[in-house]
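Here the structure comes first, spelled out in structure tokens, and everything after it is commentary.
What you see is a predicted model, and the numbers here were worked out from it, not measured in a lab. Index from 1, following the sequence. Both ligands and their constituent atoms are indexed starting at 1 by order of listing.
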Amino acid sequence: MTQNPVCVTDLNTVQLQELIARMGEPAYRARQLQHWVYQRLAGSFDEMSDLPADFRQKLVQETRLHSITLAHEVTGGDGTVKALFTLADGKTVESTFMPYPPLSGRARQTLCISTQVGCPVGCPFCATGQQGFERNLTPGEIIDQVLYFARRMKDRGNGAKNKRDNSITNVVFMGMGEPLANYDALLQAIEMLNSPDGLGLGARRMTISTSGLVPGIERLSREKLQVGLAVSLHASDNALRNKLVPINKKYPLEALIAACRAYCKATETRISFEYILFEGLNDSIEQARSVARLLAGLDCHVNLIPANRSADRHFKSPSPEAVAAFQAELQRQSIFCTVREKRGLDIDGGCGQLRSRLMNEAHREPRSVRP
Ligand code: SAH
Ligand code: SF4
């Protein structure tokens, strides 16, 4: 098999400088190239007008500018955009873009991105978990999901009043895969998205969501990053969590919550807990009290997520009244708690759902990937 040429977004600043030196170019070209990739959001080497033509030619021959190509895109009634990307080896991942209308004058555009093809954790309620694990994404494959949408906004947003209305304001690592199981690539991507030489996105505007890989949480707490951490809790007793989030058998709740407490202390940040509500499984008032007992004294926020529609009848969303009652009980127990707004319901908004549906369709009718 021929080796794919190196992809520019897979390289950190030092690696990029080394590449430029190997090509026999002056060192400042690395900075120029980075500027075109991350600030000017160039879609091709041809656009890089202040780079000499022979250098651009060398770049075309020896490198790739990006590592993903759009395979399918669908926009929902609420403005949510779901994109499916093809990677160099033909595998696919998805990202979800969610614009929020300006509240008190400020727009927010959140992008939810993937870190793995499939996921090794295998939660039974999750479309990605049911696809099995294929491989980790490279740093460039993670970064390029953000660059794709940043470029898309730039191209379409010429009429926007200010830059903020016209750029990605938040990135959440909550798409396909378990981010902390791809730790090094995740950190490299975060560094480049955060760096002033990269996209310059504030670390506080990024959130890593984890199913609870304790060693990863411990490692992250030593990084001195300002990135937010969200932990997918979904159950407050080990018996149920073993079923819903199978990694719990390896890192049970006692170890997980201890790691979360240590994380809050070390980083002096508030942690978020995600709790998907499944009717009849984890949505009783007694279970709300049990969540409150588990999290007592932790500086945290609980995000309740009514379950997405799922083919599996075991995983249904409770009624809005039951969701409100669960939230009210947590609040009575002094737990800061909100209910996540549902987005992109008409376009397979949940993690891995679009890919799952397109794969099923492709399996039935190989030529069709249309909705
Ligand atoms: N693997 C990491 C990262 C994100 S995947 C983790 O588990 O934390 C997890 C996210 O996908 C959840 O927080 C949830 O928002 C969403 N998700 C997956 N299946 C879902 C379902 N059936 N209903 C609602 N949300 C779901
Ligand atoms: Fe993996 Fe998260 Fe889905 Fe569980 S919910 S299978 S950890 S992507």
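Residue contacts to atom 1 (Fe) of ligand 2: Cys119 brings an N, O or S atom closer than 2.8 Å.
With a 4.0 Å heavy-atom cut-off, ligand 1 is reached by no atom of Val121. If you look at Asn308 next to ligand 1, the close heavy atoms, those under 4.0 Å, come from the backbone and the side chain alike. With a 4.0 Å cut-off on non-hydrogen atoms, Glu274 touches ligand 1 through its side chain and not its backbone.
In this structure a side-chain-to-backbone donor-acceptor pair under 3.5 Å is present from Tyr275 to Asn282.
When only interatomic distances are considered, the shortest N/O to N/O separation between Phe125 and ligand 1 falls below 3.5 Å. At least one N or O atom of Arg340, backbone or side chain, sits closer than 3.5 Å to an N or O atom of ligand 1.
Remark: Arg31 does not engage Glu25 in a salt bridge, criterion side-chain N to carboxylate O under 4.0 Å. The residues Glu141 and Lys91 are annotated as not salt-bridged, no charged nitrogen and carboxylate oxygen being separated by less than 4.0 angstrom.
Atom 5 (S) of ligand 1 has its nearest heavy-atom neighbour, among Gly175, Ala307, Ser211, Ala181, in Gly175.
Distances from ligand 1 to the non-hydrogen atoms of Phe315 include no value under 4.0 Å. Assignment of Gly177 to the shell around ligand 1 is supported, since a heavy atom sits closer than 4.0 Å.
Applying the side chain to side chain contact (heavy atoms under 4.5 Å, CB included) rule to Glu321 yields the partners Ser319; only residues at least two apart in sequence or on another chain are considered.
Ring-plane geometry between His301 and Phe336 is classed as tilted, the angle between the planes lying from 30 to 60 degrees on a 0 to 90 degree scale.
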